[in-house]
Each structure stands twice: as structure tokens, then as C-alpha cells.
Student: 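Have a look at the structure that comes next, please.
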Amino acid sequence: MFLMKDIVRDGDPVLRQEAADVTFPLSEEDQQLAKDLMEYLVVSQDPEQCKKYGLRAGVGLAAPQVGVSKKMASVLVPPVEEDGKSPFTDVIINPVIISESVQAGALTEGEGCLSVDKDVPGFVPRHDRITLRYYDVNGEKHQVRLKNYPAIVCQHEIDHLHGTLFYDHINKDQPFSRDDDMIMIE
Ligand SMILES: CC(C)(C)[C@H](NC(=O)Nc1cc(F)cc(F)c1)C(=O)N(CC(=O)NO)CC1CCCC1
Ligand SMILES: [Zn+2]
């Protein structure tokens, strides 16, 4: 199981690399990686286990963040209401955003990152809606349309696979600048 000590922090070159495509069928090693990436999110979102293992509760974790430069990331968007359904949960492999809204979206709280220990204030403008194509661990192809928070999480994780960190998108001069039709996501 991954612990905070296994999560690579900003400054490590692996976080600035273009990750490699994953080949199918998955090797034993890649199958285990996918399991471990999702397990971190599940455990970290359980308050008791999160505390027990000293984790930061995570909604997404990309392979480069555990030092593996491969195009794989786990996403576990918590249900909006108690024991509701998660809006999006999967391990996304070789993901490609095949279309995206012109309209921007950003979290009103800004973003953080499991690999970035410092706070970097500011809006992170992303696409409010995306169509995402990816493969799952069984090699099945998926094409999903996401909007708002699930779309933000997936864009954040896919950025990691291309060596981009959230603060790269923050406007240096006016961190809280926004265009008037940007969707602000709570
Ligand atoms: C960096 C951290 C603050 C831990 C962030 N969590 C988060 O924003 N809120 C959160 C966490 C939960 F588990 C449950 C919940 F409902 C809300 C996060 O996991 N990430 C993932 C990451 O760093 N992936 O590389 C950062 C998020 C910022 C926007 C999208 C992902
Ligand atoms: Zn991150």
C-alpha cells in the first residue's frame, strides 16, 4: 500500500516528464500498480484509515507521483451526497481528452496536489466539460463525457502524465483573475 513517503514531491524530475504509454495486456507489475493507485484513494477517503496511516485524503493519483513514468492514474470522485454513487471512479490508462468545452471551469478554492506541499493560491482555469477516451485495466476502451468537478480531477491527473503541475496554469500577475463566463466550481 502506498504511504505519503512513497509519494514523490515537486522538484523530482519524474513529475516533469512525459510519461510512457502503457502496453496491453498489462504486465503483473502494471496490474499491481493500478490496484495500488486505486487502493490509496479508497483508504485515504476512509477517515479512520486515513488517520491511521497519516495520509492526505486524495481524489486522484497519477503513476508519476509514485515515481512510475507511465500513463496511468486512479480517480475516485466522492459521492456528492452520503452513500450516493461516485460520479466517476476508474483507473484511466493512456487517457486522451478528445474534445473539450471552450467554456472554462475552475475550483473556487483553487487546487492543491499530493505532490506539492506548499499552498499555491489562485484559480486553475481548466475546461468545464471534456470528452475523455481511456482504457481500463482489462484493456476495454471507454469514452466518457465529464463536467465540473469530475472533469477538473481528470484534467489534473492527465496533466501529471504530461509533466504539468496545477500551478503552471495559475496567472502569475493576477492569480485570481477569471473570465466572466468561467464556471466556478464549489
Ligand atoms: C491535494 C489534495 C488536497 C489532497 C486533493 N484533494 C482535494 O482537493 N479534495 C478532496 C480530497 C478527498 F479525498 C475527498 C474530497 F472530497 C476532496 C487531491 O487529492 N488532489 C489529487 C492530486 O493531487 N492528484 O494528483 C488534488 C485535486 C485538485 C483538483 C483535482 C485533484
Ligand atoms: Zn496532483
Side-chain angles (χ1 to χ4, degrees), residues 1-12 14-17 19 33-34 36-93 95 97 100 104-130 132 134 146-170 175 182-186:
M1 191 185 106
F2 290 134
L3 299 171
M4 290 312 290
K5 68 173 174 52
D6 302 308
I7 295 182
V8 163
R9 303 303 154 89
D10 192 3
D12 188 308
V14 75
L15 292 172
R16 289 305 190 175
Q17 281 168 15
L33 175 62
D36 291 342
L37 287 172
M38 182 54 76
E39 185 193 39
Y40 177 88
L41 302 182
V42 172
V43 169
S44 78
Q45 289 190 19
D46 173 315
E48 206 174 300
Q49 297 211 60
C50 185
K51 195 161 182 293
K52 179 176 164 192
Y53 293 106
L55 307 178
R56 285 181 80 187
V59 289
L61 184 61
Q65 294 182 272
V66 290
V68 179
S69 195
K70 289 186 178 179
K71 285 193 158 72
M72 184 189 292
S74 57
V75 176
L76 177 59
V77 179
V80 174
E81 64 281 335
E82 268 304 292
D83 54 47
K85 195 163 92 67
S86 162
F88 187 71
T89 297
D90 215 345
V91 176
I92 60 176
I93 300 172
I97 294 174
E100 55 202 16
L107 299 185
T108 49
E109 305 292 309
E111 295 187 12
C113 180
L114 288 162
S115 293
V116 178
D117 292 329
K118 63 184 197 298
D119 276 346
V120 187
F123 292 143
V124 181
R126 294 188 186 278
H127 300 286
D128 183 53
R129 298 175 296 285
I130 61 172
L132 167 63
Y134 70 92
L146 299 170
K147 68 176 183 179
N148 300 336
Y149 190 65
I152 298 288
V153 178
C154 286
Q155 289 172 81
H156 178 110
E157 301 314 327
I158 292 168
D159 265 358
H160 276 302
L161 308 181
H162 299 288
T164 299
L165 294 175
F166 73 92
Y167 58 75
D168 299 345
H169 298 287
I170 298 175
M182 185 154 85
I183 303 282
M184 301 312 294
I185 300 158
E186 292 301 325

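Order of listing sets the numbers, starting from 1, for every ligand and every atom in it. Numbers here simply count residues along the sequence, with the first being 1. Computed over heavy atoms, backbone and side chain alike; hydrogens, waters and symmetry mates excluded.
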Student: Using a 4.0 Å cut-off to any heavy atom of Cys113, which atoms of ligand 1 qualify?
Tutor: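 Reading through ligand 1 atom by atom, the close ones are 1 (C), 23 (O).
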Student: Geometry only, no angles: is Gln65 polar-contacting ligand 1 at N/O separations under 3.5 Å?
Tutor: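 Looking only at distances, the answer is yes, because the N/O contact criterion of under 3.5 Å is met.
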Student: Looking only at N, O or S atoms in His160, which is nearest to the Zn ion (ligand 2)?
Tutor: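 Going through the N, O and S atoms of His160 one by one, NE2 ends up nearest to the Zn ion (ligand 2).
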Student: Would you mind telling me if ligand 1 is within reach of the side chain of Ala57, the backbone, both or neither, using heavy atoms under 4.0 Å?
Tutor: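 Answer for Ala57: both.
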Student: Give me the ring orientation class for Phe88 and Tyr134: parallel if the planes are under 30° apart, tilted from 30 to 60°, perpendicular past 60°.
Tutor: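 The arrangement is perpendicular - the two ring planes meet at more than 60°.
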Student: Does Lys51 have more than 12 heavy atoms from other residues, nucleotides or ligands lying within 6.0 Å of its NZ?
Tutor: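 Open.
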Student: Give me the nearest non-hydrogen protein atom to atom 26 (C) of ligand 1 as residue plus atom name, then the distance to 0.1 Å.
Tutor: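 Looking at atom 26 (C) of ligand 1, the protein heavy atom closest to it is Gly112 O, 3.4 Å.
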Student: In this structure, does ligand 1 have an atom that sits under 4.0 Å from one of the heavy atoms of Tyr149?
Tutor: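 The answer is yes, since Tyr149 has a heavy atom less than 4.0 Å from ligand 1.
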Student: Could you tell me whether some N/O pair between Glu157 and ligand 1 is separated by less than 3.5 angstrom?
Tutor: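 Yes, Glu157 has an N/O under 3.5 Å of an N/O on ligand 1.
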Student: Within this structure, what is the OH-CG distance for the pair Tyr53 and Asp46, rounded to the nearest 0.5 Å?
Tutor: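 Going from OH on Tyr53 over to CG on Asp46, the span is 10.0 Å.
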Student: Just by distance, no angles: are the side chains of His127 and Gln155 close enough, under 3.5 Å, to form a donor-acceptor pair?
Tutor: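 Per modelled atom types, His127 and Gln155 side chains form no pair under 3.5 Å.
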Student: Which of the numbered atoms in ligand 1 are below 4.0 angstrom from a heavy atom of Pro78?
Tutor: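 Going through ligand 1 atom by atom, the ones under 4.0 Å from Pro78 are 14 (C), 15 (C), 16 (F).
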Student: Using a 3.5 Å cut-off on N or O atoms only, is Ser44 in polar contact with ligand 1?
Tutor: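 No - when backbone and side-chain N and O of Ser44 are compared with those of ligand 1, no distance drops under 3.5 Å.
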Student: Angle at the Zn ion (ligand 2), SG of Cys113 to NE2 of His156, rounded to 10 degrees, please.
Tutor: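 The SG/NE2 angle about the Zn ion (ligand 2) sits at 120°.
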Student: Between Val42 and Gln49, is the side-chain contact (heavy atoms from CB on, under 4.5 Å) condition met? List the steps.
Tutor: CA-CA 9 Å; Val42 172; Gln49 297 211 60; over 6 Å; no
Student: Any nitrogen or oxygen of Ser115, side chain or backbone, less than 3.5 Å from one on ligand 1?
Tutor: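 Between Ser115 and ligand 1 (N or O atoms, distance only) the closest approach is not under 3.5 Å.
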Student: State the atoms of ligand 1, each with its element, that fall below the 4.0 Å cut-off from a heavy-atom position in Leu114.
Tutor: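 Near Leu114, the atoms of ligand 1 are 1 (C), 4 (C), 22 (C), 23 (O).
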Student: Answer yes if the side chains of Asp6 and Tyr40 hold a donor-acceptor pair under 3.5 Å, and no otherwise.
Tutor: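 No, no side-chain donor-acceptor contact under 3.5 Å.
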Student: Enumerate the atoms of ligand 1 whose separation from the nearest heavy atom of Gln45 is less than 4.0 angstrom.
Tutor: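 What qualifies from ligand 1 is 13 (F).
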Student: Using the rule side chain to side chain contact (heavy atoms under 4.5 Å, CB included), only one of Leu114, Val14, Val8 pairs with Gln65; which is it?
Tutor: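 Exactly one option meets the side chain to side chain contact (heavy atoms under 4.5 Å, CB included) with Gln65, and it is Leu114.
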Student: Hey, does Val153 come in under 3.5 Å of ligand 1, counting only N/O atoms on both sides?
Tutor: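 No - when backbone and side-chain N and O of Val153 are compared with those of ligand 1, no distance drops under 3.5 Å.
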Student: Judged by atom type as modelled, is there a donor-acceptor pair below 3.5 Å linking the side chain of Arg16 to the main-chain atoms of Gly163?
Tutor: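 Checked: pair present.
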Student: Closest non-hydrogen protein atom to atom 3 (C) of ligand 1, residue and atom name please, with distance?
Tutor: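 I find the closest protein heavy atom is Arg56 NH2, 3.8 Å.
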Student: Please name all residues satisfying side chain to side chain donor-acceptor pair (under 3.5 Å) with Ser44, sequence neighbours left out, ordered by chain then number.
Tutor: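 With sequence neighbours excluded, Ser44 shows a side chain to side chain donor-acceptor pair (under 3.5 Å) to no residue whatsoever.
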Student: Heavy-atom contacts with His160 under 4.0 Å: which atoms of ligand 1 show up? List them by number with element.
Tutor: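 In order of number, 25 (O).
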Student: Please state whether Ala62 comes within less than 4.0 angstrom of ligand 1, counting heavy atoms only.
Tutor: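 So Ala62 does not count as touching ligand 1.
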Student: Does the distance from a Lys or Arg side-chain N to an Asp or Glu carboxylate O, for Asp128 and Lys147, drop under 4.0 Å?
Tutor: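 Answer for the salt bridge query: no.
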Student: In this structure, does ligand 1 have an atom that sits under 4.0 Å from one of the heavy atoms of Gly60?
Tutor: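 Gly60: in contact with ligand 1 (<4.0 Å).
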Student: Could you check whether Glu111 pairs with Arg126 (Lys NZ or Arg NE/NH1/NH2 to Asp/Glu carboxylate O, under 4.0 Å)?
Tutor: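 Yes.
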Student: Looking only at N/O atoms, are Val59 and ligand 1 under 3.5 Å apart anywhere?
Tutor: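 Min N/O separation from ligand 1 is below 3.5 Å for Val59.
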Student: Mind checking the CD1-CG spacing from Ile92 to Leu132? Nearest 0.5 Å is all I need.
Tutor: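 Ile92 CD1 to Leu132 CG: 5.5 Å, rounded to 0.5 Å.
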